[in-house]
Structure formats: structure tokens, C-alpha cells
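As C-alpha cells, the structure follows; a few thoughts come after it.
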Amino acid sequence: MFQFEHHTYLYLFGLAPVLIGLFVLARYRRKKALEEFGDWPVMQRLMPEYSAIRPTVKATLILLAACFLILAIANPQMGTKMETVKREGVEIIIALDVSNSMMAEDIKPNRLEQARLAISQLIKRLKNDKLGLVVFAGQAYVQIPLTTDYSASRMFLSSVNTNIVPVQGTAIGAAIQLSMESFDPDTKGNKALVVISDGENHEDDAIELAKTAQEAGIQVHTIGIGSAEGVPIPVYNQYGQKDFRRDKDGNVVITKLNETMMQQIAAAGGGTFVKATNVTAALKLVFDKINELEKQEFETAKVADYESWFQIPLSIALFLLVLEFLILPRKNKWLSKVDVFKMKV
């Protein structure tokens, strides 16, 4: 398994376009200054050792050296040893509604973003539990299979949006059915499903499926997200201008929390319903309830030892810096007749 020990340093790569832009601007201003100073053929005779391409080569080498230095600081690592460890925990699958109504802004910044942030905070609290994520709208899909790799879980969670499911709608029952199939069939009990939705179910009998899940030893908890009064669903165009989603007759669509539906699903699934004005707090309440389940022992493979490879990008960075130092900004006299760097501005 490959990883960066200090992956936050990789954000420094974002400075590369800025540095390139500054260099191009400086070269452009230098060119304009030379053109204003005098005729270029005359200037060339006055500066026989001037090279237009060498500064660009030197700047490129410095930029590449900086990139490899960033890689060295981030410390690329390769897993060299795997071991099987025993853990005690529960299996948790979160079914997250990604229908268009989850873009409503009655919970800031919007329902979906608040839910993603809350799930990310939950993942940070997990230690030995297995976590999975199912996303649903008109259909349901497994976004994250049951895993103890919490870093990968947060990465996949960050890509969740309303476009991830091609068919719109709110099929909570399909999400429950797929979640049941996603649990480990070899373990009994100690399983929990958390459905996060506004409860506007239009597709199937979610209550009956929640009852089926409960009979299979899966607790079904629900978190209702949204306001009971209802709000329009915002739509932003490419210029950031705001409008609202409308039906085929041009009327603004209003989305509201179906609290009764979410309560009935939780009751049928033997779980807890929480109305979320703050999704993080609601998820914490549900997680505390899940922690009351009896832990089960399971085995999982884990990388036990990593070998650092920072020496390779560091060596490349040093080589590029030495090479940049050896290249003079002006032409070498002994190469003046065959200067490969000769180039008109």
C-alpha cells in the first residue's frame, strides 16, 4: 500500500501555477523593455553573450526541483509488511440521500453538505468498527463497501454529490435493501443502518423493508434532515446566479421534512429517530446508541510497517539544483558558435 506520511504538504503544488505566471509576466515585461530600448538586431550585436532561453531553462529546473522537494517533505511510503489483527466492533452502514432536495438550504450551507461534514466527523471517532456508505436517490449504490480504512472512506465521501446517482427520486426502501445485502453475511447481529434523508420517499415501501432489516438483526436508525415548513431548492447557473427548481408547469418546487415517515422507518427497524437541526449532534446521538450494541470480533488485514522513499525525490531535487547552478545565464564563449540555447526573444 502506498501513502504519503505528511500528505497535507502536497497542497503546496497549488503554488506552481502562480510561480509560472509570475515568471511569464517577468519575461514579458523584460521583452517589452528591450523592445523599447532599441532595435532588436542592434541589441543582439551589443549583447553577444545574451541568451533568451537559458533563464527559462534555469527557472524550469528550479520549479521541478521545488516539486520534487515537496514530494520529499510529504515522504512517500510503501507498505512492506501486512499482518492480520483482531478487532472488536460493530458494522455500520450509512445510507445518505443525494436527491436534489438535499441541496435545500434550510440547514446551512445545505442539507447534503451538512450531512457530509457530520459523517466525516463520525469517521474520525471510529476505532474498530467497520463502516460502509450507500448513496441513493431514485436508485441506490454502494459508495464505500464495509471497511476499516477510514482515510479512504473520507476521501470517497468528499466526492459525494447529487450527480452521483443518475436517476432522481427518493427510494429509501432501495437503500435499505442494498444496505442489508452489503453487510457481512457471516456475522450475526451487531449491525446498524443509519438513514440520513428528508424523508420524501416516493418510490417504495421503506417501512416494510425496515421491518425486514430488523428481523435480520439490523437496527435501522433515521436522521431527518430539513425543515417541516418547507423551502425551495436552489439552482445556480455557471455565473453563480440563483434560481429555484421548478416543476413541468413552472411552479417552484418546495421540499419539506417528512418527519412522520422517518419516525415510522426507525420504529419498524427497531432504531432511533433524530430530527437534525444540527446533523453532527444528531449523528452523535445515534452513534452513542449504536455503541450500546455488543461488539463482535473480526479479523482484518492491516499494513504493519512502512518504508520511507523520500530519498529518491530529494536526490532528484538536489541534482536539478546542481544542474541549474552549472548552467550560466549567458552563453559560454566556447559554445558561442553552436549555442543550443540560442533563441530570439
Side-chain angles (χ1 to χ4, degrees), residues 88-99 102 107 111 114-116 118-123 125-136 140 142-146 153 157 170-185 187-201 203-226 228 257-296:
E88 285 190 346
V90 298
E91 295 180 3
I92 305 170
I93 290 182
I94 296 176
L96 176 60
D97 188 349
V98 293
S99 59
M102 291 293 285
I107 295 182
R111 297 174 183 177
Q114 180 67 224
R116 287 200 314 167
I119 296 170
S120 181
Q121 292 297 319
L122 168 66
I123 294 174
R125 295 184 57 190
L126 298 178
K127 294 181 179 179
N128 296 320
D129 304 299
K130 287 185 177 181
L131 178 73
L133 177 66
V134 168
V135 295
F136 68 94
V142 175
Q143 178 73 2
I144 306 172
L146 279 172
S153 298
L157 177 64
T170 310
I172 298 178
I176 296 174
Q177 179 66 50
L178 181 59
S179 298
M180 285 192 290
E181 297 170 358
S182 301
F183 283 106
D184 188 344
T187 59
K188 303 297 181 182
N190 308 313
K191 302 174 182 178
L193 169 61
V194 183
V195 179
I196 303 178
S197 174
D198 51 32
E200 290 187 322
N201 188 69
E203 311 296 332
D204 44 35
D205 192 349
I207 298 173
E208 187 62 33
L209 285 164
K211 183 178 179 181
T212 302
Q214 195 270 338
E215 292 171 351
I218 302 170
Q219 281 189 358
V220 182
H221 304 272
T222 59
I223 295 178
I225 184 169
L257 169 64
N258 189 340
E259 187 172 336
T260 302
M261 169 67 73
M262 299 299 283
Q263 288 175 334
Q264 291 175 342
I265 292 173
T272 302
F273 164 75
V274 180
K275 182 178 179 180
T277 52
N278 183 307
V279 183
T280 301
L283 202 53
K284 181 181 181 299
L285 289 173
V286 171
F287 183 68
D288 290 340
K289 188 71 174 179
I290 293 172
N291 268 337
E292 297 175 4
L293 291 173
E294 182 181 351
K295 309 295 183 181
Q296 62 182 349

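- With F273 as the fixed residue, the side chain to side chain contact (heavy atoms under 4.5 Å, CB included) test singles out one of V220, T222, V195: T222.
- Pairing each heavy atom of S179 with each of L193, the nearest pair is OG-CD1, 3.5 Å.
- Atom CD of Q177 sits about 11.5 Å away from atom CD of E208, to the nearest 0.5 Å.
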Cut-off 3.5 Å, no hydrogens considered: what does the side-chain donor-acceptor table look like for residues 286-293, sequence neighbours left out?
| unit_1 | atom_1 | unit_2 | atom_2 | d |
| --- | --- | --- | --- | --- |
| D288 | OD2 | K284 | NZ | 3.2 |
| N291 | OD1 | K295 | NZ | 3.1 |

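- Of the inter-residue distances, the one linking L157 atom CG with I119 atom CD1 reads 5.5 Å to the nearest 0.5 angstrom.
- Separating the CG atom in D129 from the CD1 atom in I123 is a distance of 12.0 Å, to the nearest 0.5 Å.
- I196 and A115 get closest at one heavy-atom pair: CG2-CB, 4.1 Å.
- In plain terms, the two heavy atoms of A140 and V134 that are nearest each other are CB-CG1, 4.2 Å.
- Within the 4.5 Å cutoff, side-chain heavy atoms of E91 are placed close to those of D184.
- Side-chain atoms of I265 and I176, non-hydrogen and from C-beta on, do get closer than 4.5 Å to each other.
- Of the inter-residue distances, the one linking K191 atom NZ with Q219 atom CD reads 13.0 Å to the nearest 0.5 angstrom.
- Nearest heavy-atom pair across A282 and V274 is CB-CG1, 3.5 Å.
- When side chains are defined from C-beta on, L126 counts as touching L131, because their heavy atoms get closer than 4.5 Å.
- How far NE2 of H221 is from CD1 of I94: 11.5 Å, rounded to the nearest 0.5 Å.
- I172 places a side-chain heavy atom less than 4.5 Å from the side chain of M262.
- Across all non-hydrogen atoms, the minimal contact from D97 to F136 is N-CE2, 3.4 Å.
- Shown here for G132 and L146, the closest heavy-atom pair between the two residues is N-CD2, 3.7 Å.
- Taken from CD1 in I225 to CE in M102, the straight-line distance is 4.5 Å, to the nearest 0.5 Å.
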